[in-house]
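As structure tokens, the structure follows; a few thoughts come after it.
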Amino acid sequence: MPDADVDLIQRYRPAIERSPVPTLLTVTEEHIVRYANPAFCGLPVMPPGAPAGARFASLFHGAEALEALLDRVFRDGVTDVATDVAFACPEGRGIHGTAIVAPLPGERGRPRGLVVQILDTTAQVMARAREAQAAQDLQDANEKLIVAGIREQELAERAGQSAAELRALLDTMSQGVTVFGATREVVLVNPAGREMLGLSGESPRLDDYRRCDFRYPDGARLDFEQDVLSRVVRGEPFVEEEVLLHLPDGAVRHLVLSGGAVRDARGQVALAMALYRDVTQVRELEQVREQCMSLITHDLRGTMTAAMYAAEVIGMNRAGYDPQVLAGRIIRSLSRMDEMIRTLLDVQRLRAGHGLPLLLGPCELVAIAREVIDDLASFHDQRPVLRGEARVEGIWSHGELRRAIWNLASNALKYGATGAPVVITVEKTSEHAVVAVHNEGPPIPAEDQARLFAPFVRTRAAMAGGQRGWGLGLTFVRGCADAHGGRVALVSEAERGTTFTLELPIDSRPHERPD
């Protein structure tokens, strides 16, 4: 052992030898153990034998987890602590400990070694675990008491007294809930239930449910009292049965019904509960998605058919057909198919939570907008108009921005007022570039605005008007904005028309995410 190490050990050994705190001394940056007091050697994790001369990390299973802490204290010369470290004993039993590491000063004030103390905190950790388990057991017991209380006959006898307590709980639920007594009287209905069924008044009666126009998905009439309530009162639970509710204003709601009974101590039905949740938006989205997928398939097949026909004509070498013209049609068809497939793949990436891959580089935003206008003007006369600054330069992905602006402009031309101009404005602030696409015409309803950027979502007016579309363009626009570190906003009012605004940082490189 080097003389410096001997001096170091002799200096500190008397102070720690009789200490009840498990302590050892290490030297050098390899953390070689030079002395461990009896309390340390008596730790359950320590194997038999003297540890002197071994590296600290090899003393016992779990010691290697502290190596980074020892390195940090040796390097910085500052005391540090690691709490709640788990160690494994040779027989498999685990202990918890708190490690305290302090530097041993050597020459010129630089650490020569370390003092390592490990306090066995297993009892405290286990006590905290027991306290947590006791709290959980108490919660479970309370829940069991609540369930047991509901099942008691007393609840049925005191239904009126308990209604206020149950109402406070049910008022917070988004599901509709109706509680009936054993004799089919309505005990209580939560606000969500009254709203879903279109019931008026604070205290609906069974007659109100009888008047509801419930139907099965195949259109057959559903008798709520016989087909729902009677089953529950008889003790026949059912789960997730879908029905249609036709409202007086002609609207149709898709509801999923579930029912169950609460029994008393004798096993008799004390209360009957009907639960229902509104899945109308889900079903509408599924229908729109099916329509969009059908349209996507149709468009892909149509484009592919056009390319195949042109290729067949070239192959037959028929007179009167220019091969170069036909080849151009094939290229345009394949390019269109490639664009469709890219859109589908990009939206799929966004739905999976991934950002769009970008190829960032210097771009001129006004030139990109002008490309879009030139492309659209051939089909829409002079309706697209470009306004704003002469040049707006930044670091963006040219291809994705062109597609995003094209989607916004083509939507404005498709759904805006017939013959009215569509204005694309490009502006620059100190930190952002802004592209605004404005069209006149009927506003987008607020309920459609809230979900317009979701995949396969189209406005009711667009669907009713017979306009073709996939419902994916705005999803791509939002994904493009997010990938660039920007945002997209929508303002749509009857007096001001509709404006989609794409705001981008001047340099999107700090926002680029690895693919």
Side-chain angles (χ1 to χ4, degrees), residues 146 150 155 159-181 183-233 237-262 271-289 443-452 454 457-461 463-464:
I146 293 173
I150 292 177
L155 181 61
Q161 178 183 347
S162 302
E165 300 172 5
L166 289 174
R167 189 182 301 277
L169 172 64
L170 297 178
D171 282 356
T172 64
M173 296 181 61
S174 60
Q175 278 191 328
V177 180
T178 304
V179 180
F180 298 91
T183 56
R184 305 188 182 190
E185 74 279 8
V186 179
V187 176
L188 61 88
V189 187
N190 70 341
R194 294 195 299 271
E195 191 280 328
M196 285 185 200
L197 301 184
L199 302 178
S200 59
E202 289 292 324
S203 302
R205 303 170 62 85
L206 181 57
D207 284 342
D208 295 314
Y209 288 84
R210 292 181 179 130
R211 286 191 289 268
C212 289
D213 187 4
F214 288 105
R215 303 183 191 181
Y216 290 103
D218 61 3
R221 187 67 182 271
L222 178 148
D223 187 319
F224 182 85
E225 185 174 10
Q226 295 301 318
D227 299 339
V228 177
L229 183 55
S230 294
R231 293 168 59 188
V232 180
V233 171
F238 60 93
V239 179
E240 300 286 299
E241 293 187 4
E242 187 162 341
V243 300
L244 304 178
L245 174 61
H246 291 254
L247 299 175
D249 61 1
V252 178
R253 286 182 177 168
H254 294 253
L255 303 180
V256 174
L257 296 181
S258 297
V262 177
L271 296 174
M273 300 184 67
L275 291 82
Y276 31 94
R277 55 189 178 89
D278 191 342
V279 295
T280 304
Q281 286 192 352
V282 175
R283 296 295 177 262
E284 289 179 350
L285 179 59
E286 290 175 350
Q287 181 181 6
V288 171
R289 184 168 55 191
I444 301 173
E447 61 271 19
D448 285 335
Q449 293 185 34
R451 59 193 187 99
L452 201 56
V457 170
R458 304 184 66 211
T459 65
R460 293 173 176 83
M463 296 177 62

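When reading the values below, keep in mind they use all heavy atoms of this one structure, side chains included, and skip hydrogens, waters and symmetry mates. One is the number of the first residue; the rest follow in order along the sequence.
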Quiz prompt | Euclidean distance, Leu199 CG relative to Arg205 CZ, rounded to 0.5 Å | solution = 13.0 Å
Quiz item: Looking only at heavy atoms, what is the nearest atom pair of Leu229 and Leu206, with distance?
Solution: CD2-CD1, 3.8 Å
Practice problem: Please report the C-alpha distance between Tyr276 and Leu197 in whole Å, then the side-chain angles of each, then the deciding distance to 0.1 Å, and finally whether the side chain to side chain contact (heavy atoms under 4.5 Å, CB included) criterion is met. | Solution: CA-CA 9 Å; Tyr276 31 94; Leu197 301 184; 3.4 Å; yes
Exercise. With sequence neighbours excluded, tell me which residues meet salt bridge (Lys or Arg N to Asp or Glu O under 4.0 Å) with Glu225.
Key: Arg184, Arg210
Quiz item: After noting the C-alpha distance and the side-chain angles of Glu241 and Val256, does the key distance pass the side chain to side chain contact (heavy atoms under 4.5 Å, CB included) rule?
Solution: CA-CA 5 Å; Glu241 293 187 4; Val256 174; over 6 Å; no
Quiz item: Residues two or more places apart in sequence or in another chain: which of them pass side-chain contact (heavy atoms from CB on, under 4.5 Å) with Arg211?
Solution: Asp207, Asp208
Quiz item: Between Thr178 and Val186, does a side chain to side chain contact (heavy atoms under 4.5 Å, CB included) hold up when you go through it step by step?
Solution: CA-CA 7 Å; Thr178 304; Val186 179; 4.3 Å; yes
Quiz prompt | Side chain Asp223, main chain Val228, donor-acceptor under 3.5 Å | solution = no
Quiz item: Hey, what do you get for CG (Leu271) to CG (Leu188), rounding to the nearest 0.5 Å?
Solution: 8.5 Å
Quiz prompt | Partner residues of Ala446 under the side-chain contact (heavy atoms from CB on, under 4.5 Å) criterion, sequence neighbours left out | solution = none
Quiz prompt | Heavy-atom pair with the smallest gap, counting every atom of Pro237 and Gly260 | solution = CB-CA, 4.3 Å
Self-check item: Interatomic spacing from CG in Leu255 to CD in Glu242 - rounded to 0.5 Å
Solution: 8.5 Å
Quiz item: So, do Ser230 and Val233 sit near enough that their side-chain heavy atoms are less than 4.5 Å apart?
Solution: no
Exercise. Tell me, please, which residues at least two apart from Asp227 pass side chain to side chain donor-acceptor pair (under 3.5 Å).
Key: Tyr216
Quiz prompt | Point-to-point distance, once rounded to the nearest 0.5 Å, from CZ of Arg215 to CG of Leu222 | solution = 11.0 Å
Self-check item: Close aromatic pair by centroid cut-off 6.0 Å: Phe180 and Tyr209
Solution: yes
Practice problem: Heavy atoms only: give me the nearest Met273-Val179 pair and the separation to one decimal. | Solution: CE-CG2, 4.1 Å
Quiz prompt | Minimum-distance pair of heavy atoms, taken over all atoms of Cys212 and Leu245 | solution = CB-CD1, 4.1 Å
Exercise. For residues Phe238 and Val232, determine if any side-chain heavy atom of one lies less than 4.5 Å from a side-chain heavy atom of the other.
Key: yes
Quiz prompt | Side chain to side chain, Val252 and Leu247, heavy atoms closer than 4.5 Å | solution = no
Exercise. Just jot down the side chain to side chain donor-acceptor pair (under 3.5 Å) partners of Glu240, sequence neighbours excluded, or say none.
Key: Arg277
Practice problem: Under the side chain to side chain contact (heavy atoms under 4.5 Å, CB included) rule, what do Val189 and Val177 come out as? Steps first, then yes or no, please. | Solution: CA-CA 6 Å; Val189 187; Val177 180; over 6 Å; no
Quiz item: Quick one: side chain to side chain donor-acceptor pair (under 3.5 Å) partners of Glu195, sequence neighbours excluded?
Solution: Arg253
